[in-house]
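Written out below as structure tokens is the structure these notes cover.
Every value quoted in this text rests on a predicted model; they were computed, and no experiment measured them.
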Amino acid sequence: MDVLDFIHDMFSQDCTIGTVLHLVMAHFDLSMEEAQKKVDEYFEIVEAMDGER
């Protein structure tokens with residue numbers, strides 16, 4: 001499972017952003033900054049998909 005799929009799964013389970021960040025850091029051995037970039041990337045993709053609807 002890649003990071004973005006993991007983030008999607010965590011948000012689908014109603015996790016908060018803070019929880020998702022900490023889980024991403026732990027699961028993928030990322031720094032807070034790296035995890036935040038991945039969460040930001042996830043939201044950019046979601047916004048782009050919503051804009052196409």
S12 OG to D5 CG distance, which is reported to the nearest 0.5 Å: 10.5 Å
Any salt bridge linking K37 with E34? Criterion: basic side-chain nitrogen under 4.0 Å from a carboxylate oxygen. no
Using the test side-chain contact (heavy atoms from CB on, under 4.5 Å), find all partners of E44 that sit at least two apart in sequence or belong to another chain. none
Which atom pair, heavy atoms only, marks the closest approach of K38 to L4? O-CD2, 3.6 Å
Taking the inter-plane angle between the rings of F11 and F43 on a 0 to 90° scale, is it parallel (under 30°), tilted (30 to 60°) or perpendicular (over 60°)? tilted
Within a reach of under 6.0 Å around CE of M1, are more than 12 heavy atoms found that belong to other residues, nucleotides or ligands? yes
Please tabulate, one pair per line, all N/O donor-acceptor pairs under 3.5 Å involving side-chain atoms of residues 16-29, not counting sequence neighbours.
unit_1, atom_1, unit_2, atom_2, d
T16, OG1, T19, N, 3.2
T16, OG1, T19, OG1, 3.0

For the residue pair Q36 and D40, confirm or rule out a side-chain donor-acceptor distance under 3.5 Å. yes
